[in-house]
Amino acid sequence: MKKQICALLIAALTASLLTGCGGKNTESDSPGEAPQATASSKDVLYHSYASQPYVTLDPRVEYSNGVMVLHNIYETLTHYNDQTGELEPLLATEWSSNEDGTEWTFKLREDVKFHDGTAMTAANVVNSINKVKELGQGAAYLWDAVTQIEATGDYEVKFTCSYGAPVDLISSACYASYIVSDAALDQTTEWFNQGNDGGTGPYAIAQATGDTVVLKGFEEYRDGWEDNQFKNVIIKETPESSARRQLLETGEAQIASMLSSTDVNALKEQTDKVTVETFHTYTNLLILPNHEKEPTSNPDFRRALAYSFPYQETIDNVLEGNGIQSHGIVTAGLWGHDESLSQYTTDLDKAQEYLDKSGIDTEGLKLTITYATGLDEYNSWAQLWQVNLKKLGIDLELQPMEWDSQWDKAKATDPNDRQDLLVYMWWPDYASPESWFTSLIRSEESINFNLAYINNPEYDTLINDAVQSAATNRDQAESNYVEIQKQMVENCDVLFPYDKIDTFIISNEVEGVYENPAYASCINYYNVTKK
Amino acid sequence: MKNWTDSLKPKIRSMQESFYLLARNRLSLFALVLLCVIVLLAILAPWIIPYPQDIADEAHIADKFLAPSAAHWFGTDELGRDVFSRVIYGGRVSLSTAILTVGISLLIGVPLGAVAGTLGGHVDNVIMRITDIFLSFPPLLLAISLVAILGSSLTNAILAIAISWWPWYTRLVRGQAISIKERKFVQAAETIGTGKLKIIFRHIVPNCISPVIVQASMDMGGVILTVASLSFLGLGAKAPTPEWGLMISTGRTYFPDMWWCCIFPGLAIFITVLCFNLLGDAAREILDPKTRKR
Amino acid sequence: MAFFEIKNLLVRHKSFDGVKTVLDIDKLTVEKGETYGLVGESGQGKTVLALTILKLLQCPPGIIEQGEILLEGVNLLKKTERSMQAEIRGKRIAMIFQDPMSCLNPVFTIKDCMVDALRQNHKGMSRKEAVSQAVKLLQEVKLADPESTLVKYPHQLSGGQRQRVIIALALCCGADFLIADEPTRNLDVTIQASILKLLRELQKKHGMTVLFIANNLSLVGAFCDRVGILRDGRIVEEGTADQVVSHPREEYTRLLREACETKLKPTDDSQEEILLRVEHLKKYFDINDEVRHIRHQSLKAVDDVSFDIHSGEVLGIVGESGCGKSTLVNTILELFEPTAGKVYFEGKDIFGESNGSQGNAFKKNVQIVFQDPYWSLNPRWLVKDIVAEPLDVYEKLGEAERLIRVEELLAMVGLPGDACYKYPHEFSGGERQRIAIARSLASNPKLVVLDEPTSSIDVFSQNQILDLIKELKKKFGLTNILISHDLAVVHELSNRIAVMYLGKIVEFGPAREIFEHPRHPYTQALFDAIPRVGDTGMEGIRTLEGQIPSPINPPSGCPFHTRCPMAQDRCKEEVPQETYYSERHYVRCLLAEEQQEKGGDVL
Amino acid sequence: MGKYILKRLLSSLVVLLGVITITFVIARVVPSDPAAKWAGNRATQEQLAQAREELGLNKSLPEQYITYIGQLLRGDLGKSLNSKQPVTTELKQYVPATLELVLLAFILAILIGIPLGIYSAKKKDRMLDHISRFFSIGAVSLPTFWVALFLQLIFYKNLNVLPLGGDLSVMATIFEERPQITGMLLFDCMLTGKWQMFGDAFLHIILPCITIALYPIGLVSRMTRSALLEILNEDYITAGRSYGIREFKMLWKYALKNSLGATATDVALSMGYTLTNTFLVEAIFSWPGIGSYISKAITSLDYPAIIGVTIFGSVCYIILNLLADIIIASDPRVRL
């Protein structure tokens, strides 16, 4: 769900129309003392965001970009370091598992306090994860393998799984894995949305009004506060790219992201005011050809499509460098990625060659491609591709649509009603390549996310094997995934044009802004300091 | 027929008279000339635009966002396509959509209105109640929700606008029909024994068509604006169709740095709609018997 | 120096057809205290003149090219707008307009209008004074109950009352020069006379000078001292009233005079066979006035009317507007659903079988010619299609055959064959009426209804049309029903006359008898309300008091008793029955009943 | 009169029922499955069935229709598929901001439009008439969303005198609580005496207000002009002049009062347009009203929200028309 919602939200960012509904929730019953009127704007970190910062503020169910807020308020047991590829302790100090990865034991920190002043114990972890599983919303499926959680001590928790699951990795996810105070667990989603929280993180919510979230530093945070840190943070929606840029230019805001390439280029000139930083992500663009329908079921035809896609133009001119051409389906930086996988290039002669080879008659041939509405970069490369395909005699019909419509079409009972090509933006829920394979490649009984309708028993065996061994034998899993990707490139099962790169514009007044690809769009404001 | 040219004379005369009245107001004359140019440009667009391949066949992304110059009068867009060519071609899209929309609305609205006005009684009641219901949606809102739910495409937009537009014609024609029904030639036809249908479509409809034409010509502007609005909301035309509203919507991301992507299509909408409105205004004055009375 | 003088006035009008002269008056003089009558048909420039005098003419399209309009030697055309407004309009010159409804502001009460006008023209008058002055003025124009009239809105008054209010408004400015622009045009004849009498009285009392504009020569002749005939913007004849009316020099004047004259009546060439029989016909309209809570009432437009028409005769139906004559005819023609009663055509009940072949045959045999030939011809159709409309319904002809028939019909009414390919608006009023007549003859009808066939065409054509009707009638042996408020026309054409009042026939009989000896007091009043040609002064005019009662609530007993000069107490209660003077001449009047009982036969 | 209003009210209710029926039909032909969206993307068949039941989709259409009307009668517009909040609650949150904007724009339209129309009618066919006509026709010919961009370009980007969007600057909301009385910010600030915030809010409302007022200004002035011209041609105006009544009085008292009926309808109509324009413009100005709300609902196909706004808009429109009709009916001329 997250992918789709996020796709929509990204759509929203660029689709200037999708703007914040500035709700006017009262914050009368929000915790924490009233903000001091004496604080000057210099003490405030202002993150200008392209869409509404959250869908819900309920850490148990939020499966969208609300994690960018929640990540600063709640904490998980472990933390994934994308530089080293290792897990680091956060609320847990150490952890271990049995041989087959079915039993996991976590030791917890003993100095953790919730914002309401109560201390965190093993019971809180048990209750939080159980509640998530009980609600069964959002990314709760992550915990499907876990059958039992028990507190084996005041600060020790034991997870029992039905198969060997990487619980340590799952515990680092920014979805469905936050530890929440007991008082908050009993509350409704509405309660959270009113600006209340029950976290252990460095910030508490002071105010939440739909398009704006105000965070206030948690005075008793275990790591303490330095003078150059920001105790007030505002995250506010400004859907216009040019407006976000303006906010940075006037010095009002300190952080902004998802600006249009023109705005980024303009800001790059202003080195005295701002710095433009790019971060690799685990997000990539996927084009899923329909494997159940002529002509996209024909591998040669798919190769022809792949050779006609405008890779370089898209990266250089549409994304203006905010992307790199993918090697395989797993993004760079994540295990399972193999830089040696071959890439398709734009080569219309080769495309023609494969087209002839496929024996598909292009006379009157029309392909439909569905993608999320409102995203300008989609529109741009889709039109470029359309132009290329036209030269091959193929008519590409662009159908930007809302995700629900897109998904409905993809699930139509009559395969002839389904699209020929479908566009996805995909990223994993936690630092593992698994979801690309289990969700998109593995055959499904009823259509869910495998919208290329791939049904390859060989892939299925390899994937199931990799899933079972991921916790215990990662090398085995990795080699399985690489093997699948090799075949996928060969068969051209899925087109993966580019991995996304996020660009942040950061005011020269601050430093320490970093986007960890495992935690898409989250910034640790605690790490941001005044220069 | 031997004297068919004679039958044209009064028409020509009445056209001359209309033109005379129109020419009295220089603003309207200007609008008329401009509109003729716009229509002509729209008709000839495929042959006269400098970069016809930029409509759908080609992109030159390396040349994107070139500022207006001699080669590209209105600059180039995000795919390096010539904005001038696309704006001119956009007139073709907008005008044909508007004609189609107004045409469909007229096809629904005029017969209903004529029947309601002429027959009166329960038929009138039922038709007008339905009309009232459709008129109770604020302008655009019904179209928005229809397209939003049916799925966005230019065809759906045309249908949705027509569905929310026809009641205006029904109401107008009904009013006309009621007053024309009172005219003696209708009563004469009735005493002659002419059938109801013939009375409605041969006597009443032709006589209430002038104000309908005026309204329809004014509405062309309104429809162009509405289509553009829907496209702007992402509920109308789709890329790469050079629809003005869509061009603004796309260009907005790059506004204000690449102002030409937004400003020119907007100007095109403004000028076209303005011409229609100015003319509609003038036409209303001309067709008003009070003005015509010599 | 004359009191009012126009010299070399030239007014033009600019339009598509170029510049047209609307007024070209060399000299027009009105002496103080005099009543000057200006006569001409509509479109001859009368109203333009009135507006030009007050400088209210819209320019453009009007252009005042040259000339002088002198009021006591002061040229009004040279005056500024501001001084016209401050010194002349209202204070010196007041105007009474044609249409009393449209020249009273509908959203203000009579009080608002009068007080504004009074205070405008009398500096320093308090509101209270103005109100009491207004009451006085309303009394002066003989409005019954002026206090309650004051708080009414224009639409709550009747036409006659409104015209009195207009006169009062003109008076309250205190002007000594009054322009009356056809003040009685849209009023019923019986009301018209009383307004004229009132004007005459006021003029004498206030010593006003009056410029009276009208289209009826006999009216002007009776009302005015001097008369000018206006044609195409020029004064073609001028002189004392007697001179101009009795000894017209110009052909145009003669025609105007003829239009008011009663002429030789036709011989009775009717046959015994009854073509159309109307029995107890009623047509009520339901009134639903939601704003004023009037519900379930009916307007009795036609109330129990019976008569026969014999083949070959012409039945004239006479009455003031609202008496139900048009409704009667429209109901017979099945344009309205009858409330009750029966109509037999050639012995067959036409309402009996609805829309069957019977109905069609009836429609084929009965045709109508309407009053205004412009509105009765579809302006979007070619003449050939208009004339052929009945042919298309009753005879399916080929295009060529159809055209031949149309040309025949057009020839019959004296129009050239090439008229086929023209549109109605290319013809003059008279020619248009010919087209309408041609159409009415296309289906070879037996009965043709003529609804005021000459009242909206110019005097030149009127006679020709009447002649044409007579000729065609003779040629085809047609039977006619003629509706007209113009007694001259009725007199000229009809064999028999029905006089209607409030939906009822009050007198019915042979035309000659009725014209020579009108029996019913209403018929008498109708005839006496119009000055005869050659009358001078208002003495010959008899007026009826009071307003026409509403047909929604007609008076009890004899409906005419509220206005009847001879009304007695029993008239309020008893409904009069038919009293026959001869076989086919009766009146409904209690007095006549009484007379007959006593053995006399003249009222 | 009372009876007329009652009757008119009843017919409005009938119309409302029609509107509801149409929206019901639209909502039922919605191509995607609302239950699937409600249940979430990884929903099982059971969850789907449960969602279906929760949404009442398992019943027959007539039953659904009756339930639907029953819910509407209780003011229940269903729950948003996005936020799962009752649409009514969300509308309550967003409506005041829109109302504030529309009212202000509307006042602007009347204050500018009517005098402009009168002036234009008075100076018919003179230069000033042409200018004002051009202005008013131009105002209704402009694509509103484009005007919004243009104004932002000038007043924010180039001159930097007015804020870009939102109803209050970010900093103002952090250190001072926004007053919550009517939900209309300007009004609330006045009531609570928060003048500094009032000033800030006022600066924010200027651009959106001008943008959406443009159309009604044009409309009102055009309609006033033509209504007045018609009336100025009437005989009673000539008659009034012939009694020597002053021109000023003629225009402002006599003619204007007569045009009231026509103007009332136009004003109601233009209010409808103003409302519509908010749908296009609010999003651009990040104005926290129903325009922004529906824009978002469109992109995510949140059909209860779309339908909710549609019904709300129609109700407003019906009420406006009702008011206009009552004003017209109070005109003594009208005999209905």
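Values below: all heavy atoms of this structure, side chains included; hydrogens, waters and symmetry mates excluded. Proteins get letters first, then strands, A, B, ... in listed order; numbering begins at 1 in each.
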Sidechain-backbone polar pair: [X] side chain, [Y] backbone, donor-acceptor under 3.5 Å:
{"X": "B/Ser249", "Y": "B/Gly245", "answer": "no"}
{"X": "D/Ser136", "Y": "D/Arg133", "answer": "yes"}
{"X": "D/Ser221", "Y": "D/Leu116", "answer": "no"}
{"X": "B/Glu243", "Y": "B/Ala237", "answer": "no"}
{"X": "D/Arg225", "Y": "D/Gly117", "answer": "no"}

Could you look at [X] and say if it's the side chain, the backbone, both or neither that has a heavy atom under 4.5 Å from chain B?
{"X": "D/Leu149", "value": "both"}
{"X": "D/Leu142", "value": "both"}
{"X": "D/Ile307", "value": "side chain"}
{"X": "D/Val147", "value": "neither"}

Residue selection (most heavy-atom pairs with chain D, distance under 4.5 Å) from [options]:
{"options": "B/Trp259, B/Phe270, B/Phe276, B/Trp244", "answer": "B/Phe270"}
{"options": "B/Ala148, B/Gly280, B/Gly222", "answer": "B/Ala148"}
{"options": "B/Ser229, B/Pro265, B/Ala228", "answer": "B/Ser229"}
{"options": "B/Asp132, B/Ile130, B/Leu267, B/Leu235", "answer": "B/Leu267"}
{"options": "B/Thr272, B/Leu140, B/Val147, B/Leu146", "answer": "B/Leu140"}
{"options": "B/Ile269, B/Ile271, B/Ile263", "answer": "B/Ile263"}

message: Which atoms of B/Ile224 are under 4.5 Å from chain D, going by heavy atoms: the side chain, the backbone, both sets, or neither?
response: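 Contact with chain D is absent: no heavy atom of B/Ile224 under 4.5 Å.
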
Chain D contact via B/Ile144 - side chain, backbone, both or neither, heavy atoms under 4.5 Å: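 Just the side chain, heavy atoms under 4.5 Å.
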
task: Pick whichever of D/Asn158, D/Ile298, D/Leu229, D/Thr310 has the most heavy-atom pairs under 4.5 Å with chain B.
output: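 That would be D/Thr310.
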
query: Can you check whether B/Phe65 and B/Tyr254 have ring centres sitting under 6.0 Å from each other?
result: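 Ring centroids of B/Phe65 and B/Tyr254 are less than 6.0 Å from each other.
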
- prompt: When the aromatic ring centroids of B/Phe134 and B/Trp166 are compared, is their separation below 6.0 Å?
  reply: yes

- request: Hey, can you tell me if B/Phe84 and B/Phe74 have their rings parallel, tilted or perpendicular (30° and 60° cut-offs)?
  value: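 Aromatic pair B/Phe84/B/Phe74 classed perpendicular.
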
task: Return the minimal non-hydrogen interatomic distance between B/Trp260 and B/Gly75, and the atom names on each side.
output: CD1-CA, 3.9 Å

